[in-house]
Participant: 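Below: one structure in structure tokens.
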Amino acid sequence: MMNIEQFLVGIVGTNCYLAINSQTKEAIIIDPGDDAGALIEYMDKNGGKPVVILLTHGHFDHCMAAADLAEHYGIPVYVHEDDKEIMENSAWNCSGMIGKRLTFSADTYFHGERDSVSFAGFKIEVLHTPGHTPGGVCFYIANEGILFSGDTLFCESVGRTDFPKGSMSQLVRSIQDQLLDLPDDTKVLPGHSERTTIGNERRHNPFL
């Protein structure tokens with residue numbers, strides 16, 4: 001069974017998630033946008049064993065603590081290959097919003113429209129949903145009925161597309177093609193704001 005701990009991190013207020021196997025305590029870190037110390041403190045206190053860092057996309061507010069956590073735990077960072085340039089370009093990863101010029105990197109890259117990985121005892125479908133960024137992805141765990149949607153899909157909204165390399169038409173098409181066929185009761189855990197479900201978004205999201 002997956003236990004999920006949610007942390008609001010960084011100056012922008014990003015949802016960072018720890019997806020924890022309740023039996024083994026192995027943990028997946030999703031979108032550590034900042035506050036590495038708080039995440040490490042939680043793991044130390046609760047016996048968590050991080051095994052991987054998964055990034056929904058390459059904007060600074062979703063990956064700024066990834067390198068520190070990866071080094072601390074000796075674990076890899078994954079992102080879609082189409083966001084490699086986003087992470088490596090400070091103008092594109094939006095770190096200038098906080099007055100810094102930061103660059104980031106990953107160890108392993110997802111490819112194509114759909115990928116699949118297994119960590120902490122969970123099979124994770126990686127759904128490529130470009131639009132907010134070229135390499136934006138969502139992580140779907142079918143057995144748990146959970147979708148980590150990053151900045152692709154929000155509660156009755158969608159991610160911004162006025163950043164470099166963004167495209168509203170592409171984002172809406174991504175959501176329609178990749179996400180709206182998921183079961184209605186799929187829990188959607190976004191990169192910002194409150195949780196929702198696929199059914200709610202199908203019925204009430206004005207962008208779709």
Participant: For residues 65-74, which side-chain donor-acceptor pairs fall under 3.5 Å, sequence neighbours excluded?
Facilitator:
none

Participant: Assess whether side chain to side chain donor-acceptor pair (under 3.5 Å) is satisfied between Asp151 and His59, documenting all intermediate values.
Facilitator: CA-CA 10 Å; Asp151 286 4; His59 283 159; 4.9 Å; no
Participant: To the nearest 0.5 angstrom, please state how far the NZ atom of Lys45 sits from the CE atom of Met43.
Facilitator: 13.5 Å
Participant: Going by the side-chain hydrogen bond (donor to acceptor under 3.5 Å, both in side chains) test, which pairs reach into residues 101-111, not counting sequence neighbours?
Facilitator: Glu81-His111
Participant: List, by chain and number, the other hydrophobic cluster members for Ile175, where Ile, Leu, Val, Met, Phe, Trp and Tyr join if side-chain heavy atoms come within less than 4.5 Å, directly or indirectly.
Facilitator: Leu127, Tyr140, Leu147, Leu153, Val158, Met168, Leu171, Val172, Leu179, Leu180, Leu182, Val188, Ile198, Phe207, Leu208
Participant: Counting N and O atoms only, with roles assigned by atom type, does the side chain of Asp82 sit under 3.5 Å from a partner on the main chain of Gly135, one being a donor and the other an acceptor?
Facilitator: no
Participant: Can you name the salt bridge (charged side-chain N to carboxylate O under 4.0 Å, His left out) partners of Lys84, sequence neighbours left out?
Facilitator: Glu88
Participant: Through direct or indirect side-chain contacts below 4.5 angstrom among Ile, Leu, Val, Met, Phe, Trp and Tyr, which residues connect to Trp92?
Facilitator: Ile86
Participant: Under the salt bridge (charged side-chain N to carboxylate O under 4.0 Å, His left out) rule, collect the residues that match up with Asp185, sequence neighbours excluded.
Facilitator: none
Participant: With sequence neighbours excluded, tell me which residues meet ring pair (Phe, Tyr, Trp, His ring centres under 6.0 Å) with Tyr17.
Facilitator: Phe148
Participant: My understanding is that only residues two or more places apart in sequence, or in another chain, count here; which of them pass ring pair (Phe, Tyr, Trp, His ring centres under 6.0 Å) with Phe119?
Facilitator: Tyr78
Participant: Not counting sequence neighbours, which residues clear salt bridge (charged side-chain N to carboxylate O under 4.0 Å, His left out) with Glu41? List them please.
Facilitator: none
Participant: Looking at residues at least two apart in the chain, or sitting in another chain, which of them share a side chain to side chain donor-acceptor pair (under 3.5 Å) with Asp162?
Facilitator: Arg160
Participant: Test of understanding: with salt bridge (charged side-chain N to carboxylate O under 4.0 Å, His left out), list the residues that count as partners of Arg195, not counting sequence neighbours.
Facilitator: none
Participant: In chain order, what residues pass the ring pair (Phe, Tyr, Trp, His ring centres under 6.0 Å) check against Phe7, with sequence neighbours excluded?
Facilitator: Tyr42
